[in-house]
J.: 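Provided herewith is a single structure, encoded as structure tokens, for subsequent inquiry.
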Amino acid sequence: MKKILTGFCFTDIHNQQAMLDYPTKIRTSFIQANELAVKEFGKADIALIGGDNISDYPYWNKSCALPKKNFLDIKQKIHKCVSESVKDGKVLYVAGNNDMIMGDIGTEENEPYNTTDFYDLMDNAFGVLPENEKIGLVSKGKPKEFYLGAFHYVVNGIDFIGINIDPDTAFNSHEGSYSDETMLWVKDKLNEIDPAGTKPVFIVGHLSAIYYYNDGELVETMINGNRSLFYDIFKGHKNAFYLYGHVHGERSCYKEFSSGAILHIDDRELPIDKNLKETDSLGKEYEYSFVHMGGLRPFGKQFFEEDGISGYGGEKELKYFPGTATPKLAQYLVFEVYQDRVVFYIRNTGTIENYNQKDRLKEYTVYYK
């Protein structure tokens, strides 16, 4: 069967602290992921940036102090890096909870601004969306700012719906949720573009829902918002794939098989199995699928090189920030869409024991229902 599309997924970059001093610097694992993906798969038709591009300036609960010129600088550098790995520069951006808390309240030198605003870049790459292909949100705390709640693009005949966190749930908070209004719009859009329930559709959001850590522990991660409405979005759409980030770090990586990143959800809103060490979906009966996009920042200091950045990071004195160093352990997702299936690949950037960027984790194939 003919291949229709290749997609790259990069999420939870977490450019942070001294990396956001001017001029800004982007995380090395993000640069490596783009280079490695192109080397193995060629240029993609679309790249998906899953949120939490920036964070911790200097710490998550002391954010909102990033000058606007710094944000514009890191925005340009992120886009330049990823757009070079994609045909025609088609990059879809969704907002993470950490993106929402950075810079939005403003500083003494700057008016508040929208740190999730990659809209102009998407307009240039995909074309300006008509009103019926997007839903806007207005924050109660910042009524002059415009936020996209959700939006719909089509690339090579394949539908992509981006869904963003409600800004009123995320300002200066370490969490966030999707608004009911946004989720209902996505549900209606899915029913519109996939009335028969058999079309492959990719819904891209930052927030995870239910997730298996690599030790097999099942964790419910959607702790805020209307969980039942979220799951209801996908029902009746067997070939819907919700691509998410938010969970990342050393406990959220895969060693041998890409299948751990794919959860097939049944009508009880639970995974039908752990799906570990499997290579395809044949014989499985399920309602829809969740797919983890990996993560480009670990947590423990032992999972970084010793090339961290010294800077101010919003503080008064020069300081060394180890979390700004090159990650030894980071992963990203690649997927290929065919006429009868989607093939998912998890790939490594850094190298530590059991994780090597030269490794090729066994792919996982989902055949359309």
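Position 1 is the first residue of the sequence, and the numbers go up from there. Fair warning: this is a prediction, and the values are worked out from it, not measured in the lab.
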J.: Indicate whether the side chain of Thr198 and that of Asn239 have a donor and an acceptor atom separated by less than 3.5 Å.
T.: no
J.: With distance as the sole criterion, is a donor-acceptor pair present between the side chains of Asn191 and His237 under 3.5 Å?
T.: yes
J.: Run the salt-bridge test on Glu84 and Lys43 with the 4.0 Å N-O cut-off and return the result as yes or no.
T.: no
J.: Determine yes or no for a side-chain-to-main-chain donor-acceptor pair under 3.5 angstrom, with Thr24 supplying the side chain and Asp21 the backbone.
T.: no
J.: Quick test of your reading of the model: are Lys77 and Asp73 salt-bridged, counting only N-O distances below 4.0 Å?
T.: yes
J.: List the steps, then state whether salt bridge (Lys or Arg N to Asp or Glu O under 4.0 Å) holds for Asp273 with Lys284.
T.: CA-CA 10 Å; Asp273 54 43; Lys284 296 176 182 290; 2.7 Å; yes
J.: Would you check if the side chain of Tyr368 reaches a backbone N or O of Arg341 as a donor-acceptor pair within less than 3.5 Å?
T.: yes
J.: Would you mind writing out the side-chain donor-acceptor pairs for residues 3-11 within the sub-3.5 Å range, not counting sequence neighbours?
T.:
{"unit_1": "Lys3", "atom_1": "NZ", "unit_2": "Thr6", "atom_2": "OG1", "d": "3.1"}
{"unit_1": "Thr11", "atom_1": "OG1", "unit_2": "Gly50", "atom_2": "O", "d": "3.3"}

J.: Please determine whether residues Ile193 and Ile135 belong to a single hydrophobic cluster, defined as Ile, Leu, Val, Met, Phe, Trp and Tyr linked transitively by side-chain heavy-atom distances below 4.5 Å.
T.: yes
J.: Are Phe290 and Phe234, when compared by the centres of their aromatic rings, separated by less than 6.0 Å?
T.: yes
J.: Keeping the roles fixed (side chain from Ser208, backbone from His246), state whether a donor-acceptor pair exists under 3.5 Å.
T.: no
J.: If we ignore angles and hydrogens, is there a donor and acceptor under 3.5 Å between the side chains of Asp180 and Thr182?
T.: no
J.: Check the side chains of Asn97 and His206 for a donor-acceptor pair under 3.5 angstrom, ignoring hydrogens and angles.
T.: yes
J.: For a quick check under 3.5 Å, do Glu353 and Tyr355 share a side-chain donor-acceptor pair by atom type?
T.: no
J.: Grouping I, L, V, M, F, W and Y whenever their side-chain heavy atoms are under 4.5 Å apart, do Ile158 and Tyr93 come out in a common cluster?
T.: yes
J.: Any idea how Tyr364 and His264 line up, ring-wise: parallel (<30°), tilted (30 to 60°), or perpendicular (>60°)?
T.: tilted
J.: Before you tell me yes or no, could you show the steps for Tyr244 and His292 under ring-ring contact (aromatic ring centres under 6.0 Å, His included), namely the whole-Å CA-CA distance, both residues' side-chain angles and the distance that decides it to 0.1 Å?
T.: CA-CA 5 Å; Tyr244 65 92; His292 182 215; 5.4 Å; yes
J.: Hey, are Ser259 and Asn275 close enough side-chain-wise for a donor-acceptor pair under 3.5 Å?
T.: no
J.: Is there a donor-acceptor contact under 3.5 Å from the side chain of Thr324 to the main chain of Ile309?
T.: yes
J.: Should the pair Lys75-Asp120 be classified as a salt bridge under the 4.0 Å nitrogen-to-oxygen rule?
T.: yes
J.: Can a side-chain donor-acceptor contact be found between Asp280 and Thr365 if the only test is distance below 3.5 angstrom?
T.: no
J.: So, Asp12 side chain and Gly245 main chain: donor-acceptor pair closer than 3.5 Å or not?
T.: no
J.: Salt-bridge test for Lys235 and Glu269: reply yes if a basic N is under 4.0 Å from a carboxylate O, no otherwise.
T.: yes
J.: Answer yes when Lys90 and Asp45 have at least one side-chain N-carboxylate O distance shorter than 4.0 Å, and no when they do not.
T.: no
J.: If you measure from the Lys or Arg side-chain nitrogens to the Asp or Glu carboxylate oxygens, is any gap between Arg297 and Asp56 under 4.0 Å?
T.: yes
J.: Counting N and O atoms only, with roles assigned by atom type, does the side chain of Asn164 sit under 3.5 Å from a partner on the main chain of Val94, one being a donor and the other an acceptor?
T.: no
J.: Looking only at atom types and distance, does a side-chain atom of Ser179 sit under 3.5 Å from a main-chain N or O of Asp166, one as donor and one as acceptor?
T.: no
J.: Can Lys69 and Tyr22 be said to form a side chain to side chain contact (heavy atoms under 4.5 Å, CB included), step by step?
T.: CA-CA 8 Å; Lys69 74 172 184 177; Tyr22 193 88; 3.9 Å; yes
J.: Same cluster or not: are Val128 and Leu148 linked, directly or through other Ile, Leu, Val, Met, Phe, Trp or Tyr residues, by side-chain heavy atoms under 4.5 angstrom apart?
T.: no
J.: Do Ile54 and Phe321 share a hydrophobic cluster, counting only Ile, Leu, Val, Met, Phe, Trp and Tyr and linking them when any side-chain heavy atoms are less than 4.5 Å apart?
T.: no
J.: State whether Lys369 and Glu287 are salt-bridged, where the test is any N-O pair (Lys NZ or Arg NE/NH1/NH2 against Asp/Glu carboxylate O) under 4.0 Å.
T.: no
J.: Would you say that more than 12 heavy atoms from the other residues, nucleotides or ligands in this model lie under 6.0 Å from the CD of Gln339, or not?
T.: yes
J.: State whether the side chain of Ser258 and the backbone N or O of Lys362 hold a donor-acceptor pair below 3.5 Å, judged by distance alone.
T.: yes
J.: Please test Tyr242 against Tyr288 for side chain to side chain contact (heavy atoms under 4.5 Å, CB included), starting from the C-alpha separation and ending with a verdict.
T.: CA-CA 8 Å; Tyr242 175 65; Tyr288 45 85; over 6 Å; no
J.: Would Phe126 and Phe151 count as a close aromatic pair, with their ring centres under 6.0 Å?
T.: no
J.: Taking salt bridge (Lys or Arg N to Asp or Glu O under 4.0 Å) as the test, write out the residues that go with Glu305, two or more places apart.
T.: none
J.: Taking atom types as modelled, is there a side-chain donor on Arg347 or Gln357 under 3.5 Å from an acceptor on the other?
T.: no
J.: Please name the residue in the list Tyr345, Phe241, Phe41, Phe202 that meets the ring pair (Phe, Tyr, Trp, His ring centres under 6.0 Å) test with Phe335.
T.: Phe202
J.: Membership question, hydrophobic clusters at under 4.5 Å side-chain separation (ILVMFWY): are Ile46 and Val154 in the same one?
T.: no
J.: Go through the steps to decide whether Asp359 and Asn354 satisfy the test side chain to side chain contact (heavy atoms under 4.5 Å, CB included), and finish with yes or no.
T.: CA-CA 9 Å; Asp359 292 341; Asn354 297 320; over 6 Å; no
